[in-house]
Amino acid sequence: MFQSSAYTGTKEENYGLLIKQLKALIEDEPDAIANLSNASSLLNQFLEDVNWVGFYLWKENQLVLGPFQGLPACVRIPSGKGVCGTAVSEQSVQRVEDVQAFPGHIACDAASQSEIVIPILKDKEIYGVLDIDSPSKGRFDEIDEKKLLDFVTTLQKHL
């Protein structure tokens, strides 16, 4: 049974605990959707000042909405469109301090002000993205980026 833990260490230490919790949740589960669902829930519980946490999966040459926590979202995103599509086309992390300043931003939730998107690869091919939105500008920093990359690296092994 999973219990919520208090995160009382440094930001880096707290992310370390989060990744340990992720490993415990997914280590014996082969189903990708179950693992993505638990991962989005875990991140939503862990992260402060976020309004959407979830996954888009690469299907039929586009991103398709996967497991998430938050308000209903855009269902399909083409490669190269918005922050998520740019993460796919460039196969790189997109950390956006102000989504209104991002060319072609797709506004699924008007409350979102900043966003971080981490590409997920499987066998060196795009599998999808982790997408996290915040109602605050500049919410995500270098530590978030590095530790969320570690989170996705852990998750990729169980997809």
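Numbers here are sequence positions counted from 1.
Within a 6.0 Å sphere centred on CD of E97, heavy atoms belonging to other residues, nucleotides or ligands number 12 at most. Enclosure of atom NZ in K20 is not indicated, since only 12 or fewer non-hydrogen atoms of other residues, nucleotides or ligands lie within 6.0 angstrom.
Atom CG of D144 is separated from atom CG of L47 by 7.0 Å, given to the nearest 0.5 angstrom. To the nearest 0.5 angstrom, I19 atom CD1 is 7.0 Å from K23 atom NZ. Between L63 atom CG and R76 atom CZ the span is 10.5 Å, to the nearest 0.5 Å.
Within the structure, every pair that satisfies the side chain to side chain donor-acceptor pair (under 3.5 Å) test and touches residues 110-119, not counting sequence neighbours, is listed here: N51-S112, S112-D133. Residue pairs meeting the ring pair (Phe, Tyr, Trp, His ring centres under 6.0 Å) criterion with at least one partner in residues 48-78, sequence neighbours excluded, are W52-Y56, W52-F68.
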- [ ] Evaluate the criterion side-chain contact (heavy atoms from CB on, under 4.5 Å) for residue pair V129 and I120; output intermediate values, then yes/no.
- [x] CA-CA 5 Å; V129 298; I120 302 169; 5.5 Å; no
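Nearest heavy atoms, G9 versus N14: N-OD1, 3.0 Å. Shown here for L43 and L148, the closest heavy-atom pair between the two residues is CD2-CD2, 3.8 Å. When all heavy atoms of A39 and L22 are compared, the pair lying nearest together is CB-CD1, 3.9 Å. Between L159 and L155, the shortest heavy-atom distance links the atoms CG-O, 3.5 Å. Minimum interatomic distance between N35 and E29 (heavy atoms only, all atoms of both residues): ND2-O, 2.8 Å. When every heavy atom of C74 is checked against every heavy atom of I106, the shortest pair comes out as SG-CG2, 3.6 Å.
Residues passing the side chain to side chain donor-acceptor pair (under 3.5 Å) test with E145, sequence neighbours excluded: R95. A search for ring pair (Phe, Tyr, Trp, His ring centres under 6.0 Å) contacts involving Y15 returns F46, not counting sequence neighbours. Taking the side chain to side chain contact (heavy atoms under 4.5 Å, CB included) definition, one finds that N38 meets it with L25, sequence neighbours left out. The salt bridge (Lys or Arg N to Asp or Glu O under 4.0 Å) search around K146 returns D150, not counting sequence neighbours. Checked against side chain to side chain contact (heavy atoms under 4.5 Å, CB included), E12 has the following partners two or more places apart in sequence or in another chain: T10, I143, K147. Partners of K122 under the side chain to side chain contact (heavy atoms under 4.5 Å, CB included) rule, at least two apart in sequence or in another chain, are Y127. Residues passing the side chain to side chain contact (heavy atoms under 4.5 Å, CB included) test with V75: none are found, sequence neighbours excluded. Listed by chain and number, the residues in a side chain to side chain donor-acceptor pair (under 3.5 Å) with D98 amount to none (sequence neighbours excluded). In terms of the side chain to side chain donor-acceptor pair (under 3.5 Å) criterion, T153 has no residue partners (sequence neighbours excluded).
By the 4.5 Å heavy-atom criterion applied to side chains, I33 and L57 are counted as neighbours. Within the 4.5 Å cutoff, the side chain of D141 has heavy atoms near those of the K11 side chain. Side-chain atoms of L130 and V117, non-hydrogen and from C-beta on, never get closer than 4.5 Å to each other. Taking the side chain as every heavy atom from C-beta outward, L18 and L42 approach each other to under 4.5 Å. Considering only heavy atoms from C-beta on, I116 stays 4.5 Å or farther from Q94 through its side chain.
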Under 3.5 Å, which donor-acceptor pairs link side chains of residues 82-89 to any protein atom two or more places apart or in another chain?
{"unit_1": "T86", "atom_1": "OG1", "unit_2": "G82", "atom_2": "O", "d": "2.7"}
{"unit_1": "S89", "atom_1": "OG", "unit_2": "G85", "atom_2": "O", "d": "3.4"}
{"unit_1": "S89", "atom_1": "OG", "unit_2": "T86", "atom_2": "O", "d": "3.2"}

